[in-house]
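Okay, so here's the structure we're looking at.
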Amino acid sequence: MGLGGCIILIAVGAILTFATDWDMQGVNLDLVGVILMIVGLIGVSTFSSIARRRRVVVPPTTPVVDEQVAPHHHRRDGYSDGYGV
């Protein structure tokens with residue numbers, strides 16, 4: 001059951017509990033409405049906890065290059081490459 005189904009359960013339960021005055025023999029519609037609202041709230045909390053677990057950020061698998069380490073640059077000043085020694 002998705003989030004929409006849980007919200008529908010809550011709405012139907014609230015309608016049965018607060019907006020109707022039907023009398024059915026052997027059925028307490030106020031209690032049925034409260035039960036539907038509780039089941040809908042449990043569903044919403046379960047759905048939100050599962051959705052939160054799915055949003056876990058996975059670190060990248062590519063190697064990270066540290067830019068603070070300077071690459072080896074050869075100086076071309078005429079003295080360090082063997083000429084003039």
(request) Give, for atom CG of Leu36 and atom CD1 of Ile8, the distance between the pair rounded to the nearest 0.5 Å. (result) 12.0 Å

Please output the side-chain donor-acceptor pairs of residues 12-34 that fall under 3.5 Å, not counting sequence neighbours, one pair per line with the distance.
residue	atom	partner	partner atom	Å
Thr17	OG1	Gly13	O	2.8
Thr17	OG1	Asp30	O	3.4
Thr17	OG1	Val34	N	3.3
Thr20	OG1	Leu16	O	2.8
Asn28	OD1	Asp30	N	3.3

Enumerate, atom names and distances included, each donor-acceptor pair closer than 3.5 Å involving a side-chain atom of residues 37-45, sequence neighbours excluded.
residue	atom	partner	partner atom	Å
Ser45	OG	Leu41	O	3.3
Ser45	OG	Ile42	O	2.8

